[in-house]
Amino acid sequence: MAKTILVVLVGTEQAGQADAYQMLQQETAREEARKAGLSAEVLLAPGFDHLRVVRKRLTDASAPALDAVIVEPSSVSAMGLLLKELKGKTGLVFVNAWSEEVDSFAKGWGDRLPFGTVGLDHAAIGR
């Protein structure tokens, strides 16, 4: 059985509200998951709603268990809430975000759970 990931991106699912970048992110996430043999659920949600969306999906008894959540948080405080909520429950990867709190959670996240951040080298871009 394929591993199941949940990808939560900043945006809205309302008709006509997603912009070209959000649509590209969705399409790319689905395609890369397919190539990797993963089952991906990709959702757009306003940044303030990410924790609710993730909690709702985690507690959905009719859906397969999640192996990881990939999320583009809208703020450092949102990252902290997600770190606290998901620790020990599933893997977690942040996109385009980092805080010192991530390093402190990494030590005890769990050997078999994916954990990390993916982002650009902003210092190199600045140079």
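Note that these values count all heavy atoms, side chains included, but never hydrogens, waters or copies made by symmetry.
- The minimum heavy-atom distance between Ser99 and Val76, with the atom names listed, is CB-CG1, 3.9 Å.
- Residues Leu38 and Val8 fall into different hydrophobic clusters, defined by Ile, Leu, Val, Met, Phe, Trp and Tyr side chains chained together at heavy-atom separations under 4.5 Å.
- No single ILVMFWY cluster, assembled from side-chain heavy atoms under 4.5 Å apart, contains both Ile5 and Leu92.
- To the nearest 0.5 Å, the span separating OG1 on Thr90 from CD on Glu85 amounts to 11.5 Å.
- Within the 3.5 Å criterion, the main-chain N or O of Lys3 finds no donor-acceptor partner in the side chain of Ser39.
- When side chains are defined from C-beta on, Asp60 does not count as touching Lys56, because their heavy atoms never get closer than 4.5 Å.
- Taking hydrophobic clusters as Ile, Leu, Val, Met, Phe, Trp and Tyr residues chained together by side-chain heavy-atom distances below 4.5 Å, Trp109 shares a cluster with Val54.
- Of the inter-residue distances, the one linking Thr28 atom OG1 with Leu24 atom CG reads 4.0 Å to the nearest 0.5 angstrom.
- Residue Glu32 holds its CD atom at 10.5 Å from CD1 of Ile70, rounded to the nearest 0.5 Å.
- Nearest heavy atom pair, residue Pro73 against residue Met79, reads CG-CG, 3.3 Å.
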Let's go through Gln22 and Leu9 carefully: what are the C-alpha distance in whole Å and the side-chain angles of both, what is the deciding distance for side-chain contact (heavy atoms from CB on, under 4.5 Å) to 0.1 Å, and is it a yes or a no?
CA-CA 8 Å; Gln22 292 164 334; Leu9 303 168; over 6 Å; no
Decide yes or no on side-chain contact (heavy atoms from CB on, under 4.5 Å) for Arg57 and Glu41, but give the supporting numbers first.
CA-CA 10 Å; Arg57 176 53 182 82; Glu41 300 170 28; 2.7 Å; yes
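- A distance-only check finds a donor-acceptor pair linking the side chain of Asp67 to the backbone of Thr4 [under 3.5 Å].
- Between Val71 and Phe94, some side-chain heavy-atom pair lies under the 4.5 Å cut-off.
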Apply side-chain contact (heavy atoms from CB on, under 4.5 Å) to residues Arg55 and Arg52 and explain how you reach the verdict.
CA-CA 5 Å; Arg55 278 182 176 158; Arg52 185 193 64 78; 5.8 Å; no
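- Closest non-hydrogen pair, Glu101 versus Ser104, comes out as O-OG, 2.8 Å.
- Two different hydrophobic clusters hold Val93 and Leu81 under the rule that ILVMFWY side chains link at heavy-atom gaps under 4.5 Å.
- Residue Lys87 holds its NZ atom at 11.0 Å from CG of Leu113, rounded to the nearest 0.5 Å.
- Under the 4.5 Å side-chain heavy-atom criterion for grouping Ile, Leu, Val, Met, Phe, Trp and Tyr, Val53 is not connected to Val7 through any hydrophobic cluster.
- Under the 4.5 Å side-chain criterion, counting only non-hydrogen atoms from C-beta, Tyr21 is not in contact with Val10.
- For the pair Leu58/Leu6, no side-chain contact is recorded, criterion being any heavy-atom separation below 4.5 Å from C-beta on.
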